[in-house]
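A short write-up of the structure that comes next.
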Amino acid sequence: MARRVVIDPVTRIEGHLRVEVDVEAGAVKDAWVSGGLFRGMEAALVGREPADAYYIAQRICGVCPVPHGHAATMAAESALGIEIPNNARIIRNLIEGAESLHSHILWFYTLAALDYVDVVAALKADAGKTSELAKTLGTRSADFGAIQARLKAFVDGGRLSIFGAGWWGHPEYKLPPELDLIAVAHYLEALDVQAEAAAIIGIMGGKFPHFMTSLPGGTAWVPTEEKLDGILFRLSKIQRFVDEALVPDTFAMAPYYIDAATYGAGVGNLLAWGVFDDEGMDPTRRFLPRGAIFDKKLSVVMPEESRVMEYVDHAWYSAGSGNLSPRNGVTEGDFTQADTAAKYSWVKAPRLDGRPMEVGPLARMLVAYVQGSPAVTTTIDDALAKLGAEGKPDVLFSLLGRVAARNLETQVIAGQMGVWANELVQALKSGDSQFFTESQATEGDGIGLWEAPRGALGHWMRVKGGRIEHYQVVTPSTWNMSPRDADGTRGPLEQALVGVPVSDPERPLEVLRVVHSFDP
């Protein structure tokens, strides 16, 4: 007989999430994912000026305000017929790239790594052997003895704080103590490194979170040689950490959790709207391009936003809020009760061509890989070889693949940031001083289709008489955390949880790993 296991709240995420699973014979038989927060930001935007959406929509997410700001400002530009200058494009790419670096580093070490790293077990490590292991693995070294002593003082003093209730000692923690200690050292260092990425956004955006400069029409930030030097200096620090810690740590941990390549695949449908524009501003030719993959078949089709529909059969919204395209979407809350057989979430169920779609780094990387992106192809092929899966990219449809894709994307973006910075330097040397374009238009329909670190993001805006008449947002977590639709088809995370092994239903660590792999 199945046993119902509930995790509520799911911690180490940005938001409010409840996960229920039925466990039978040591594995998840069924799953329900419930978003516990009604936001209603769309309603807050109606009646305001189009430019206001840039500021307000950033408040949708405290971890990734930048992509919401960019999607909102792109929707306004689309509605009002504004073409931004090339300098503004480059600056937006740099700000967006810094956001991705900040978010991905934060995700791996602060939010997800503790599902794989037993912090307390690091106290059993031999500091000398840890240094030798770091050298063997090609990962960044540190004063492991001092870090271990610091950790011991925290544990002995009962100061683990929010980590005090961790499931330390769980049999599914498989790393040797020395690798646990390496990961703890890099966890601490990552706190400073992700702050460097946030500082880049602060330099170019005025502050972080909720940056101030990517207004409809371009950018209000004008670079100077001194500011560019500061950005390049910080980028070099971040890239070294990614190359010397994040990526080597990923490959060092993978062999101990290689079984994670056999479950957590999800729906097998992937969607990316694309991110980082080229000079032609063609959304199909972005650095990480647009595309969709269906049924795990590694071929890309071009998704049409008009074929996106939102359903609310199992979400707490009025019947009039469902079965609509976001172009005409309605966000009208109608809470009843939490019932997994009926309505159980504040998250709608978006579908593309009637199908649930996983979004995020795995989608972006595989869509780019299939389309032959040089940087992505090289990175994925090298990773597959190191994982013993050379020529088998379909193995990435798994928990392990989802984790690896996010960290590999971090390396790809870090490598590209210097290219964009150099583009900006060359543009300034050529005398190009245009950063902003004004518009007098007061009406139109617009869409901002972009990517947040967590996945495909869409903002739909209709402007009439200089005011927002309609606004709708479909976030990455709306795609990934969606409940069942009208046909009873599970959302991507729900489907990914089915079949996950659970060794201890009282401490369902394996379930948390899959949940965190989507970075809710």
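Start at 1 with the first residue, then count along the sequence. Heavy atoms only: backbone and side chains are in, while hydrogens, waters and symmetry mates are out.
Residues passing the side chain to side chain donor-acceptor pair (under 3.5 Å) test with R3 are E506, sequence neighbours excluded. Residues forming a side chain to side chain donor-acceptor pair (under 3.5 Å) with R327 (at least two apart in sequence, or on another chain): E305. D52 is linked by a salt bridge (charged side-chain N to carboxylate O under 4.0 Å, His left out) to nothing, counting only residues two or more places apart in sequence or in another chain. With sequence neighbours excluded, the residues that form a salt bridge (charged side-chain N to carboxylate O under 4.0 Å, His left out) with R12 are D115. Evaluation of the ring pair (Phe, Tyr, Trp, His ring centres under 6.0 Å) rule for Y109 yields F241 as partners, not counting sequence neighbours. Applying the salt bridge (charged side-chain N to carboxylate O under 4.0 Å, His left out) criterion to E24, with sequence neighbours excluded, gives K29. Applying the side-chain contact (heavy atoms from CB on, under 4.5 Å) test to I258 and every residue at least two apart in sequence or in another chain returns L400. With sequence neighbours excluded, the residues satisfying side-chain contact (heavy atoms from CB on, under 4.5 Å) with A75 are H459, M461. Under the rule for a salt bridge (charged side-chain N to carboxylate O under 4.0 Å, His left out), the partners of E172 that lie at least two apart in sequence or sit in another chain are K174.
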**Asked** Yes or no on side-chain contact (heavy atoms from CB on, under 4.5 Å) for R4 and T340, after CA distance, side-chain angles and deciding distance?
**Response** CA-CA 12 Å; R4 180 65 59 93; T340 54; 4.0 Å; yes

**Prompt:** Going through the checks in order, is the side-chain contact (heavy atoms from CB on, under 4.5 Å) test met by R92 and I84?
**Reply:** CA-CA 11 Å; R92 288 186 187 180; I84 66 171; 3.8 Å; yes

**Request:** I would like to know whether R39 and I60 meet side-chain contact (heavy atoms from CB on, under 4.5 Å); could you show each step before the answer?
**Result:** CA-CA 8 Å; R39 301 190 199 188; I60 289 173; 3.0 Å; yes

**Asked** Would E83 and T437 count as a side chain to side chain donor-acceptor pair (under 3.5 Å) if you check the C-alpha gap in whole Å, the side-chain angles of each, and the deciding distance to 0.1 Å?
**Response** CA-CA 7 Å; E83 295 183 9; T437 301; over 6 Å; no

**Request:** In sequence, state the C-alpha distance, the side-chain angles, and the governing distance for F294 and V301, and then conclude on side-chain contact (heavy atoms from CB on, under 4.5 Å).
**Result:** CA-CA 8 Å; F294 293 102; V301 299; 3.3 Å; yes

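Between the side chains of H102 and Q194, a donor-acceptor pair is found at a separation under 3.5 Å. E20 and S34 form no side-chain donor-acceptor contact under 3.5 Å, judged by distance and modelled atom types alone. Side-chain contact annotation: S100 with S103, donor-acceptor N/O pair under 3.5 Å absent.
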Sequence neighbours left out, cut at 3.5 Å: what donor-acceptor pairs do the side chains of residues 359-369 make with other protein atoms?
from : atom 1 : to   : atom 2 : distance (Å)
R364 : NE     : E409 : OE2    : 2.5
R364 : NH1    : E451 : OE1    : 2.8
R364 : NH1    : A452 : O      : 2.8
R364 : NH2    : E409 : OE1    : 2.8
R364 : NH2    : E409 : OE2    : 3.4
R364 : NH2    : P453 : O      : 2.8
Y369 : OH     : D381 : OD1    : 2.6

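Proximity of V267 to R355: side-chain heavy atoms (C-beta onward) are nowhere separated by under 4.5 Å. Taking 4.5 Å as the limit, every side-chain heavy atom of P50 sits out of range of all side-chain heavy atoms of Y471. Between T410 and F108, every side-chain heavy-atom pair lies at or beyond the 4.5 Å cut-off.
Each of V511, V19, V33 was checked for a side chain to side chain contact (heavy atoms under 4.5 Å, CB included) with V10, and the lone residue meeting it is V19.
Of the charged side-chain nitrogens involved, none lies within less than 4.0 Å of a carboxylate oxygen, so that K348 and E42 do not count as a salt-bridged pair.
Sorted by first and then second residue, the pairs that involve residues 33-56 and meet ring pair (Phe, Tyr, Trp, His ring centres under 6.0 Å), not counting sequence neighbours, are F38-W346, Y54-F211. For residues 266-284, the pairs satisfying salt bridge (Lys or Arg N to Asp or Glu O under 4.0 Å) are D277-R286, D278-R285, with sequence neighbours left out.
A cation-pi contact, defined as under 6.0 Å to the ring centre and within 45° of the axis, is absent between R454 and W107.
The distance from the OH atom of Y344 to the CZ atom of R18 is 12.0 Å, given to the nearest 0.5 Å.
Sparse packing is recorded around NZ of K392, with 12 or fewer heavy atoms of other residues, nucleotides or ligands lying under 6.0 Å away.
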